[in-house]
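Below, chain A is the first sequence line, B the second, and so on; all start at residue 1.
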There are 2 protein chains.
Amino acid sequence: MLSVAEENYIKCIFKKSERSLAAVSTNAIAEAMQTKAASVTDMLKRLSEKELLHYKKYKGVRLTAAGNEVAKQLVRKHRLWEVFLVEKLDFSWDEVHDIAEELEHISSDELTEKLDKFLGYPKYDPHGDPIPDQEGNIKYRSKVTLKELEVGETGHVVGVRDSSATFLQYLDEVRITLGSTLTLRNRFAFDGSVQIELADGRALVLSEQVAKNLYITVNS
Amino acid sequence: MLSVAEENYIKCIFKKSERSLAAVSTNAIAEAMQTKAASVTDMLKRLSEKELLHYKKYKGVRLTAAGNEVAKQLVRKHRLWEVFLVEKLDFSWDEVHDIAEELEHISSDELTEKLDKFLGYPKYDPHGDPIPDQEGNIKYRSKVTLKELEVGETGHVVGVRDSSATFLQYLDEVRITLGSTLTLRNRFAFDGSVQIELADGRALVLSEQVAKNLYITVNS
DNA sequence: TTCCTAATTTAGTCCCACCTAAAAGAAGTG
DNA sequence: CACTTCTTTTAGGTGGGACTAAATTAGGAA
């Protein structure tokens, strides 16, 4: 049985490892967890003791297979709860993160499986991120940011890179949602902003900042 | 912000106060919380510091208005989650207590209210206990145990006194559920057992033990 | 190679929530 | 009243998870 703090460290390290494939540094964890490096070192020793990660002084850490398993189950629970909050309880997608952050620590496996069934075995959460299955397999979708799209290409929105409340509220404001279909019409070299056309015919100019944070998939 | 441990103590004291109206003793709390009296004294001082209860050495404790409020919100959340687990996720009533025990500590008030709405504002939980409303008002139902019913009287099952898994499983076994209508047909002085007749015509003999743990309401 | 700087770890505290052992109060009994 | 017994509190200690301040190490620059 892991404590909430331990689970949060595991999840944090998992997230950092997802792309970088290098060992995760103490400082990076400290920053992400809003705590001090000394506290992180403490925790790393404990988690290493429990064989959830490999720890060598000054060398950063990587999760063990067991640690990875724990992390993926947490991500699974987090994303399932987010679906529940948005689809069943009518929360908007920018409100659900913090609540799911608490709900993901509820331990019952049976609860997770029944929730999954109740929700109809969803594949993606409200932000477009894939939900790991019971065995922890994650189906990543090939996707590019809107910034990387070619002029003239059409795709649809499958996720956000920055899921801060302010960004999500901005998207609500301009009525871009998950699944929105859009075509890149123009790219302005001046400031990196892009002009898009939505399925309903609306034309919008989005800043480079926005274009970098919107994930698009071209086929599917 | 209260810790999970603090909340559990508050709820425990609340439950003890519900019937007895006397101050709750340190030992009673220790027993209910599966801990030692010394630990309880520790916690009582902290909670008293936070003005959640009145504490005088050797005199037992009572919750303050603020403490009562906290307790009732916890009970509200616990029972709403139990309804969710049984009605939506298809758990049976003997499985939900421990999970609800974790879920009740999720802090978001907005979550509680949206859950309440999603469930259709239920008044009673799966064990027949009343769910406090948003302001903390609890509508107690007048009820008697089956043991106290008069021969010939008809009523229906509105709750259980002992909600242990074994008792609830027993009830499932003999197909008595919340809302079952029954008539007391006979009382055996020898061992205190009772004979009842159910709405579907089945006649059953229940031990005194069972009769004492089934709550019945005659009208309504 | 040596030095410097940034990253990391160690050492020493703190608070929370528990523990054991021992002291002290409450309350009934002869 | 004095005694006994049970309950409760105090005193002192532990591990988890955080902190600050000081020491150590890694790794690049001179």
Side-chain angles (χ1 to χ4, degrees), chain A residues 1-14 16-17 20-63 66-67 70-71 74 101-102 104-105 107, chain B residues 1-17 20-63 67 70-71 74 101-102 104-105 107:
Chain A
M1 192 77 288
L2 297 176
S3 70
V4 170
E6 288 170 326
E7 289 190 342
N8 284 335
Y9 273 95
I10 296 284
K11 212 183 58 167
C12 170
I13 295 163
F14 176 78
K16 299 264 168 204
S17 316
S20 64
L21 59 82
V24 181
S25 78
T26 302
N27 254 12
I29 299 170
E31 194 193 354
M33 298 285 295
Q34 312 245 62
T35 182
K36 297 302 158 74
S39 313
V40 174
T41 301
D42 248 32
M43 181 58 92
L44 294 183
K45 285 179 183 168
R46 278 196 293 275
L47 292 174
S48 163
E49 202 58 44
K50 297 190 180 184
E51 317 227 317
L52 293 166
L53 47 80
H54 299 294
Y55 172 61
K56 287 247 175 59
K57 275 192 193 180
Y58 299 103
K59 294 297 184 184
V61 291
R62 333 185 98 88
L63 294 180
V70 169
L74 283 170
E101 205 70 13
E102 290 188 61
E104 74 191 8
H105 299 291
S107 54
Chain B
M1 193 79 285
L2 298 176
S3 71
V4 170
E6 288 170 325
E7 289 191 342
N8 283 335
Y9 272 93
I10 295 283
K11 211 182 60 167
C12 170
I13 295 163
F14 176 78
K15 280 194 190 308
K16 298 266 168 202
S17 316
S20 63
L21 58 84
V24 181
S25 79
T26 303
N27 255 11
I29 299 169
E31 194 193 355
M33 297 287 295
Q34 311 245 62
T35 182
K36 296 303 158 72
S39 311
V40 174
T41 301
D42 247 33
M43 181 58 92
L44 294 183
K45 285 180 183 168
R46 279 197 293 275
L47 292 175
S48 163
E49 203 58 46
K50 298 190 180 186
E51 316 228 316
L52 292 168
L53 48 79
H54 299 292
Y55 172 61
K56 287 249 175 57
K57 274 191 192 180
Y58 298 105
K59 294 298 184 183
V61 290
R62 335 185 98 87
L63 294 180
V70 169
L74 284 169
E101 205 71 13
E102 290 188 62
E104 74 191 6
H105 299 291
S107 54

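Nearest heavy atoms, A/L63 versus A/I10: CD1-O, 4.0 Å. Across all their heavy atoms, A/T26 and A/A37 have their closest contact at CG2-O, 3.7 Å. Here the closest heavy-atom approach between residue B/A28 and residue B/V24 is recorded as CB-CG1, 4.5 Å.
Residues satisfying the side-chain contact (heavy atoms from CB on, under 4.5 Å) criterion with B/E104, sequence neighbours excluded, are B/N8, B/K11, B/L74, B/K77, B/H78, B/E101. Remark: B/S107 pairs with A/E102 by the side-chain hydrogen bond (donor to acceptor under 3.5 Å, both in side chains) rule, at least two apart or across chains. For A/A23, the side-chain contact (heavy atoms from CB on, under 4.5 Å) criterion is met by A/R62, not counting sequence neighbours. B/T35 is linked by a side-chain contact (heavy atoms from CB on, under 4.5 Å) to B/Y9, B/M33, B/S39, B/V40, counting only residues two or more places apart in sequence or in another chain. Residues passing the salt bridge (charged side-chain N to carboxylate O under 4.0 Å, His left out) test with B/K50 are B/E6, sequence neighbours excluded. With sequence neighbours excluded, the residues forming a side-chain contact (heavy atoms from CB on, under 4.5 Å) with A/D42 are A/R46, listed by chain and number.
In this model, a side-chain donor or acceptor of B/D42 finds a partner on the base of C/dC18 within 3.5 Å.
The footprint of chain A on DNA chain D, defined by a heavy-atom cutoff below 4.0 Å, extends from D/dG17 to D/dA26.
Note on the helix from C/dT1-D/dA30 to C/dG30-D/dC1: angle between the axes of the first and last five pairs equals 20°, rounded to 10 degrees.
A distance of 12.5 Å separates NZ in B/K57 from NZ in B/K59, rounded to the nearest 0.5 Å. Atoms CG and CG, on B/L2 and B/L52 in that order, are 6.0 Å from each other to the nearest 0.5 Å. Atoms OG1 and NZ, from A/T41 and A/K45 in turn, are 7.0 Å apart once rounded to the nearest 0.5 Å.
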| said: Evaluate B/V61 against B/L47 for side-chain contact (heavy atoms from CB on, under 4.5 Å), listing each step before the verdict. | reply: CA-CA 10 Å; B/V61 290; B/L47 292 175; over 6 Å; no

| query | Going through the distances and angles, do A/F14 and A/L53 end up as a side-chain contact (heavy atoms from CB on, under 4.5 Å)? | reply | CA-CA 10 Å; A/F14 176 78; A/L53 47 80; over 6 Å; no

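A/M43 has its CE atom 17 Å from the C1' atom of C/dT8, to the nearest Å.
Using a 4.0 Å cut-off on heavy atoms, none of the residues of residues 4-15 of chain B approach DNA chain D. Of the residues in residues 46-62 of chain B, those with a non-hydrogen atom less than 4.0 angstrom from any atom of DNA chain C are B/R46, B/Y58. A heavy atom closer than 4.0 Å to some atom of DNA chain D occurs in A/T35, A/K36, A/A38, A/S39, these being the qualifying members of residues 25-40 of chain A.
A close approach under 4.0 Å does not occur between any side-chain nitrogen or oxygen of A/T41 and OP1 or OP2 of C/dT10.
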